[in-house]
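Quick note: residue numbers are just sequence positions, from 1. Just so it is clear, the values below take in all heavy atoms, side chains as well, and ignore hydrogens, waters and symmetry mates.
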Amino acid sequence: MSSLGSRWTWPVAMSLIVLVGGFISGWQVLQRIGIGLFCLLAICIVVTVVSALTLSAEGKPRSRTATAGDTLTITYTIRNRGLWPVVWALFRPQGFSTLPVEGQLVAVPWRGDRRLDVMLPCPQRGRWVAGGAVLHTGDPFGFFERSRTRAGTEIITVYPRSIPLPGLQLPPLLGRGISPRGRPSPQPSATVREVRPYRSGDLPSRVHWLSTARLDALMVKEPEGEPAAHVWLVLDLDARIQYGEDEGDSAELVIGAAGHVVREQLPVWIAAGLLVAGTDTIVKPDARRGHAARLLDELAVVMPGEGDVERDVHTLLTSSGTRRSTIIVITPWADDRWSRNLRVLAHTGSTVLCVLLDTPDSGLRHALDAQAASLRGHGVQVYRHTAWAA
């Protein structure tokens, strides 16, 4: 809580002049006016201090998640537990970043509440504390002022903004079942392992009509063989090869593209994993409900690092979940770190797609085109795209 404001100096000086003038001149009217002014100032001090102590603000977000570039609505409740109404209070919510938030003047009745819906911008991905506010109040005349700050307690996850990847098509996802020759097939095998309730995204061909009619609920069949395809989403956030700032930030370009793949490209029934090369971040493939949100949670906070990329790629190579899986590598620079390792993956039964990105002002277009041609020559599918970072 801050100290009293500085606008009290001129009324105190005026009161003192009137009071001293009354004593010097012997005029009792001036003495009484001076004493009355001092009493008024004393009352204003009491009103200011008590109002600041009895006034509070609490914010509750309507959602725990948001997307960078959007706004999030937070409902603030301003409470006055004092014995008199608060004539004015300047309410200033605390946002998620350094962006200024416009304050609002409010009046709160005695022992009453005021509710305000505040739309706060979410300029950057990450985890932020929300719900905090600063209340600035004082006496009705504005002689004295005092502020009270309440720190936020609500944790908000701001997901990265998706960067559209026009024309990107994922390769056929392996692992749905086993063909008569023992090869992976995107179609279910003939043998049914179990029947379960329908989930959003299940193929219509997998509906088990007999069970649906008997149970009066839509049921689908899980085939024998591999229960679901595995997809590994690999992000190259090696700090040694990143470049640019703001719209030219290659790391944000990679993360935004990954957000697009998770939101728009991966079917809900696919077991997807995440590996961030250059850091220790790894999320194993999982097809349970809510796993896409867990991937976005990681994308919200991940940052470039200077870890051992070769070790991270080796972890992917030796993972049992990569056998006959689809591996999507998103990188701004496909040098030897990737060319030799992706070549190995492509020759071990995995389907490998390299999403090779750059920004319009990177100056790397011709070098990246050459890297893309080299990867295609070794059986790696390549998607080239130039875009601004989100």
Out of Val106, Leu105, Val108, which residue meets the side chain to side chain contact (heavy atoms under 4.5 Å, CB included) rule with Trp88? Leu105
Can you tell whether the side chains of [X] and [Y] come within less than 4.0 Å, N to carboxylate O?
X: Glu58; Y: Arg79; value: yes
X: Arg62; Y: Asp117; value: yes
X: Asp297; Y: Arg64; value: no
X: Arg240; Y: Glu306; value: no
X: Glu252; Y: Arg125; value: yes

Give the cluster check for [X] versus [Y]: same hydrophobic cluster or not, with ILVMFWY residues linked at side-chain heavy-atom distances below 4.5 Å.
X: Leu170; Y: Val231; value: yes
X: Val329; Y: Val344; value: yes
X: Leu90; Y: Phe144; value: no
X: Val87; Y: Leu135; value: no
X: Val301; Y: Leu235; value: no

Spacing of [X] atom [atom1] and [Y] atom [atom2] [to the nearest 0.5 Å]:
X: Leu237; Y: Thr279; atom1: CG; atom2: OG1; value: 6.5 Å
X: Asp249; Y: Tyr243; atom1: CG; atom2: OH; value: 9.0 Å
X: Leu253; Y: Thr359; atom1: CG; atom2: OG1; value: 7.0 Å
X: Met119; Y: Thr71; atom1: CE; atom2: OG1; value: 3.0 Å

Could you pull out the closest heavy-atom pair between Leu72 and Cys122, with the gap in Å?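 For Leu72 and Cys122, the tightest heavy-atom pair comes out as CB-SG, 3.9 Å.
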Testing the basics here: between Ser147 and His136, what is the closest heavy-atom pair and its distance to 0.1 Å?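 Smallest interatomic distance, heavy atoms only, reads CB-ND1, 3.3 Å.
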Can you check whether [Y]'s main-chain N or O pairs, donor with acceptor, with [X]'s side chain at less than 3.5 Å?
X: Ser162; Y: Gly256; value: no
X: Trp27; Y: Phe23; value: no
X: Arg384; Y: Leu356; value: yes

Counting C-beta onward and ignoring hydrogens, is there a side-chain heavy-atom pair between Arg376 and Val380 closer than 4.5 Å? no
Atom CZ of residue position Arg311 - does it have more than 12 heavy atoms of other residues, nucleotides or ligands inside 6.0 Å?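 More than 12 heavy atoms, drawn from other residues, nucleotides or ligands, come within 6.0 Å of this atom.
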Applying ring-ring contact (aromatic ring centres under 6.0 Å, His included) to Phe141 and not counting sequence neighbours gives Phe143
Transitive ILVMFWY cluster of Val50 at side-chain heavy atoms under 4.5 Å: who else is in it? Ile43, Val46, Val47, Leu83, Trp84
